[in-house]
Amino acid sequence: MTSNNSHFVAPIDETPLLATDAVKTDQAPLSLWSDAWRKLRRRPLFIISSLLIVALVVVALFPGLFSSVAPNDGCELANSEGGPTAGHPFGFTFQGCDIYSRVIHGTQASLSVGVLSVLCVLVIGVTVGAIAGYYGGWVDAVLARLGDIFFALPLILGALVITQLPLFRENRSVWTVVFVISLLAWPQMARITRGAVIEVRNADFVTAARSLGVSKFGALVRHVLPNALAPIIVLATLELGVFIVAEATLSFLGIGLPQGIMSWGNDIAGAQASIRTHPQIMLYPAAALSITVLSFIMLGDAVRDALDPKSRQR
C-alpha cells in the first residue's frame with residue numbers, strides 16, 4: 001500500500017529552464033523610444049511610407065534631377081491637351097505645358113506648406129498646451145477658452161474668410177498660406193499637449209526634480225515635455241497630410257497659392273475645363289497629392305501603434 005505522504009518530484013534534467021536561461025539580465029530595459037523603434041523597423045507599413053516620403057523630399061529638394069524641362073517653358077498651344085510623347089510621358093495641359101514637369105515641380109510648394117505649417121502649429125500649440133496643462137488654474141482656463149474660440153472655426157471656412165482680407169489677398173505666397181493654416185489649426189495640438197502634460201506633471205520623477213530645487217519652468221522643459229512627446233509626434237505626423245490637402249483645397253478654390261507658383265491644387269483647378277475629354281490632365285496631380293497624403297497617414301498610423309502603450313502590451 002502506497003503511503004499518502006509520498007512525494008513525486010520530477011527529475012531536474014526534465015525541468016524546462018530554457019525560457020529562464022534565455023533572459024538577459026545584464027541588459028538595461030528598453031526605453032519607450034527604443035522599443036518603438038524596434039517595432040517600427042519591423043513594420044512594412046512604416047518602411048513603405050518612409051521610403052515614399054524620402055522619395056518625395058528628394059523630388060522637392062532636387063526637381064532638376066527628375067525633369068529637365070521648366071514647368072512654364074515650352075508651353076505651346078499647338079500641344080494643347082496632347083498625349084504622351086518622347087520626353088513628355090504625361091502629355092500636356094490645356095495651355096500646352098508639360099504635365100510631368102508641373103507635377104515634379106509642384107511637389108516643392110505642397111511639401112513646403114505642409115512642413116512649415118506643422119512646425120508653426122507645433123510651436124504655438126505645444127507652448128500653449130504645455131503652459132495650460134502644467135500651471136493649471138486661471139492660466140489653464142484663459143488659454144482653454146482662447147483655444148475654443150479658434151477651435152470653433154472650421155479650417156477651410158476660416159481660411160476663406162481670412163484670405164479675403166486685403167492684406168492677404170494682395171500678398172498671396174507660401175508664407176501667407178502657412179500663416180492662415182497655422183492660425184486656425186493650433187488648438188488641436190494644444191489640446192493634445194495639455195492632456196499629455198496633465199498626465200505627466202504629477203509623476204514621481206517630476207516631484208523629485210522639484211524637491212531638488214528645479215524651478216517649475218525648468219521641470220516643465222526638462223522633465224515633463226520630453227515624457228509627453230509621444231502623442232504630439234503622432235498628431236504632427238497625421239496633420240502634415242491634412243495641411244497638404246488644405247493647401248491644395250485653397251489653391252483649387254483660387255485663394256491659396258498664386259498661379260505663378262507650381263502647386264498640385266492649382267493644376268487640379270486648371271484641369272477642370274478638360275476633365276470630361278482629357279481626364280488624365282487632372283489625374284496625375286491628383287494622384288501625386290493622394291500618394292503624398294496617404295504616405296503621411298500610413299506613417300502616422302505606424303508611429304501611433306508603436307508609441308501607444310495599449311498596443312505595446314498586445
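Both backbone and side-chain heavy atoms feed into the values below; hydrogens, waters and symmetry mates do not.
The local environment of CG in N171 is crowded, with over 12 non-hydrogen atoms from other residues, nucleotides or ligands closer than 6.0 Å. The 12-atom threshold is exceeded at CZ of R41, counting heavy atoms of other residues, nucleotides or ligands nearer than 6.0 Å. The 12-atom threshold is exceeded at CZ of F205, counting heavy atoms of other residues, nucleotides or ligands nearer than 6.0 Å. The environment of L294 atom CG is dense: over 12 non-hydrogen atoms of other residues, nucleotides or ligands sit within 6.0 angstrom.
Rounding to the nearest 0.5 Å gives a distance of 9.5 Å between CZ of R102 and CD1 of I99. Once rounded to the nearest 0.5 Å, the distance linking CG of L155 with OG1 of T249 reads 8.5 Å. Once rounded to the nearest 0.5 Å, the distance linking CD of Q259 with CG of L257 reads 9.5 Å. Note that CG of L299 is 8.5 Å distant from CG of L45, once rounded to the nearest 0.5 Å. Annotation: the span from L184 atom CG to L153 atom CG amounts to 6.0 Å, rounded to 0.5 Å. With rounding to the nearest 0.5 Å, the separation of CG in D98 from OG1 in T93 is 8.5 Å.
Side-chain contact between F46 and M298 is absent, with no heavy atoms from C-beta onward closer than 4.5 Å. Considering only heavy atoms from C-beta on, F92 stays 4.5 Å or farther from I281 through its side chain. When side chains are defined from C-beta on, V174 counts as touching L116, because their heavy atoms get closer than 4.5 Å. Residues T193 and L235 are not in side-chain contact: their nearest non-hydrogen atoms beyond the backbone lie 4.5 Å or more apart. Residues Y135 and K216 form a side-chain contact, since some pair of their non-hydrogen atoms from C-beta on lies under 4.5 Å apart. The shortest distance between side-chain heavy atoms of Y100 and S67 falls below 4.5 Å. Using a 4.5 Å cut-off on side-chain heavy atoms (C-beta onward), E239 and M189 make contact. Within the 4.5 Å cutoff, the side chain of Y134 has no heavy atoms near those of the F217 side chain.
Closest heavy-atom contact between V103 and A288: CG1-CB, 3.9 Å. The nearest pair of heavy atoms linking A159 to I255 is O-CD1, 4.3 Å. Pairing each heavy atom of V214 with each of R210, the nearest pair is O-NH1, 2.6 Å. For G256 against V177, the heavy-atom pair with the smallest separation is C-CG2, 3.9 Å. The two atoms that bring L238 and F296 nearest to each other are CD2-O, 4.5 Å, heavy atoms only. Nearest heavy atoms, P63 versus A60: CD-O, 3.6 Å.
Look at R194 and D140 and you find a salt bridge, because one of the NZ, NE, NH1 or NH2 atoms lies within 4.0 Å of a carboxylate O, short of that distance.
Checked by atom type and distance alone, the side chain of S110 never pairs as donor or acceptor with a backbone atom of T107 at under 3.5 Å. The main-chain N or O of A269 is found under 3.5 Å from a side-chain atom of Q272 such that the two form a donor-acceptor pair. The backbone N or O of A286 sits nowhere less than 3.5 Å from a side-chain atom of W264 that would complete a donor-acceptor pair. Formation of a donor-acceptor pair under 3.5 Å by the H223 side chain with backbone atoms of A219 is not found in this model.
Residues L283 and V245 do not share a hydrophobic cluster, clusters being chains of Ile/Leu/Val/Met/Phe/Trp/Tyr side chains in contact below 4.5 Å. Residue M262 is not grouped with residue I291 when hydrophobic side chains (ILVMFWY) are merged at heavy-atom distances under 4.5 angstrom, including chains of intermediate members. Under the 4.5 Å side-chain heavy-atom criterion for grouping Ile, Leu, Val, Met, Phe, Trp and Tyr, W138 is not connected to I149 through any hydrophobic cluster. Placement of W175 and L183 within a single hydrophobic cluster is found when ILVMFWY residues are connected by side-chain heavy-atom separations under 4.5 Å, directly or transitively. Cluster annotation: V221 and L229 are assigned to the same hydrophobic cluster (Ile/Leu/Val/Met/Phe/Trp/Tyr, side-chain heavy-atom contacts under 4.5 Å, transitive).
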Which is it for Y284 and L289 under the side-chain contact (heavy atoms from CB on, under 4.5 Å) test, yes or no, and what are the steps along the way? CA-CA 9 Å; Y284 294 116; L289 176 64; over 6 Å; no
All N/O donor-acceptor pairs, side-chain side in residues 117-130, below 3.5 Å, sequence neighbours left out:
residue: S117; atom: OG; partner: V113; partner atom: O; Å: 2.6
residue: T127; atom: OG1; partner: V123; partner atom: O; Å: 2.5

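Under the 30°/60° scheme for interplanar angles, the aromatic rings of F168 and F179 are found to lie parallel.
Between the side chains of T176 and S173, a donor-acceptor pair is found at a separation under 3.5 Å.
Residues satisfying the salt bridge (charged side-chain N to carboxylate O under 4.0 Å, His left out) criterion with R145, sequence neighbours excluded, are D148.
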